[in-house]
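What follows is a short report on a single structure.
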Amino acid sequence: MTITEHTELTRRFADDFTALQEAVLARMNGICAPEVAVALEHPSLAGPIAIALAHADVLARGAVWRAELSTQSPERLRRLRIHARKVRRARSQAEALCKEQRARRLAGRSWPMDVLEVRVARRAFPAAFAEALRQELRDRGLPDGTPQAPESDLARWVWDQRTAGDELLPTPVRELLDCDDDSFVQELLRDAREDENPHLTHDAVVERWSRHARAAVAWGRYAIGRAERDVLTCSLSARRTGLDALEDAYQDTAVLAARFREARLRVTELHDRMQVCMTTGPFADLIAQCRAAAPARFADAEAELWHSVRELIERHRTNCPERADGCPRCHYALATLLADTGEEGDGEHPTATNPADGDRYAVLADLPDTAVVAVADAAVADESALCGYGWAAEDGTAGYGDSLASSSGEAEVIGICEAALSLLEHHEDAPVVLLCDSAQAVGVVDAALRSVAPAAAHRTLLFPESRQVMDSLLRHRHRHRVQVRWLKGHIGHDLNEAADAFARLALRRVSGRIPLSAARKEEARIRRSLGSGPLSAAA
């Protein structure tokens, strides 16, 4: 086959998603033609292949699950599982190849490396160093207040300056930029389920697309979860319609997953181009001047911090084997040493107690004897938005149930809120303390309880189920009795282990992966580990 013919085949695969996916799967199974295998090796197809396999991965896992929920033969199910494992492996390899290609591209560029003192100061004391750089940029005419974080936004500022003379944005692009986040996610869902929106790939939009594509995928998994529930309420003989709906949900989610992968690739490519702009031409000279002057300004403003940097580096260079090369990687460890000393003391630091540092129950030492303490936990499904939650209290009471969540953090919020609502109803006047090993969930619930404003929590909680249970807690007349605290997970805390067991049981039950009789035995076993307190199971 001639070079021209190989080139034409590569172009066809770049333009025809279906043909590309068929070829990639054929290569995976060892049955593609030699000329196809050669064409697929072209570097320009690495990204499209990763996108095609992201799509195929979701479909393969969906086919396995639908087979498990139907009456297909064991041999058919075995073949589907083998295929799904092969697709997952091929997807991982394609992702790795994309990373390798980017690393090679970046390695071929001569990025200027700052001296070690600057790299350490910038990493150990980012706020102070960023302010020094910001002042230098302002002195050279940068508008006051921008960029907000110079080290991360310099490339964005340069790109905006470089493209300032371009044409006005097309109306569809401007509409995508101006709509609120919920409307933008809805546009991503329409892009996957109806007609592909070509304006998402515009440089002005692609970062927003990448940022919100994960939420769109979550809504795809939400549709899968609801379809799963419908299927599992039917007998095997009556599942045909439900399985068709489940297949449709997997088809939509496969497209959402592929578009998510495309968004990530495109935003990476955009950032690489932005970085090139920052290191070439007149902008490179401006930034080099600012970076060269920023350390002196930092040293004047933060003399003690700069002295600690210089002192540490002087000791480090005495024995560093890479000192002749400028210690290219040493700044990571050195900055960590400085940051751990807390010398940039104007920042806020988390105050959560780590019970593993001493008595594992020390986190409860300041509570009154009347407090009701419980631990909440959650488990999420791999394929859908189904989740299970569970909680267990010191008095032996416990509860568990299932819901839908876009992430493990959202599932943990549901568990905390459900536990709090139950305990408030059964314990009059006593403080209710909920412990959870998810710092994100603890932060969301704590912030909502302090502000009594659901809007703030709704920015984190995506699905109506989590928002509704949060609203119920915030409307409760005794919500002021509720506290939430972080507890390190899986350190032998009996309540934590019980809550985790209940959550996993709830997920297995709702996803049909455990028979009812076995679920009852497991429930009884967990209950015995807690004593004789009552157990409430959510529907």
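Quantities reported herein were computed from a predicted structural model and do not represent experimental measurements. Starting from 1, each residue takes its place in the sequence as its number.
A salt bridge is absent between R467 and D471: the closest approach of a Lys/Arg side-chain nitrogen to an acidic carboxylate oxygen does not fall below 4.0 angstrom.
Between F463 and W219, the distance from one ring center to the other falls under 6.0 angstrom.
Side-chain polar atoms of E207 and H271 form a donor-acceptor pair below 3.5 angstrom. Side-chain N/O atoms of T241 and D244 include no donor and acceptor closer than 3.5 Å. Side chains of W65 and E228: a donor-acceptor N/O pair is present below 3.5 angstrom, by distance only.
Residues R122 and F298 fail the side-chain proximity criterion, which asks for heavy atoms closer than 4.5 Å.
Taking CD from E269 and CG from D203, the interatomic distance works out to 7.5 Å, rounded to the nearest 0.5 Å. Rounding to the nearest 0.5 Å places CD of E247 at 4.0 Å from CZ of R66. Atom-to-atom distance recorded for H42:NE2 and I49:CD1 is 11.0 Å, nearest 0.5 angstrom. Annotation: the span from L176 atom CG to L188 atom CG amounts to 8.5 Å, rounded to 0.5 Å.
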* Stepwise side chain to side chain contact (heavy atoms under 4.5 Å, CB included) check, C179 with E187 -> CA-CA 10 Å; C179 67; E187 185 56 46; 6.0 Å; no
* Using the side chain to side chain contact (heavy atoms under 4.5 Å, CB included) rule, take D402 and C387 through it: C-alpha gap first, then chi angles, then the decisive distance, then the call. => CA-CA 6 Å; D402 58 80; C387 71; over 6 Å; no
* Between V38 and L9, does a side chain to side chain contact (heavy atoms under 4.5 Å, CB included) hold up when you go through it step by step? -> CA-CA 10 Å; V38 172; L9 191 54; over 6 Å; no
* To do: For E383 and R221, run side chain to side chain contact (heavy atoms under 4.5 Å, CB included): C-alpha distance rounded to whole Å, both residues' side-chain angles, the deciding distance at 0.1 Å, then the answer.
  => CA-CA 7 Å; E383 318 298 344; R221 296 177 68 245; over 6 Å; no
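Taking the ring axis of Y250 as reference, the NZ or CZ atom of R61 does not stay both within 45° of it and closer than 6.0 Å to the ring centre.
Annotation for F13 and L20: closest pair O-CB, 3.5 Å, computed over non-hydrogen atoms.
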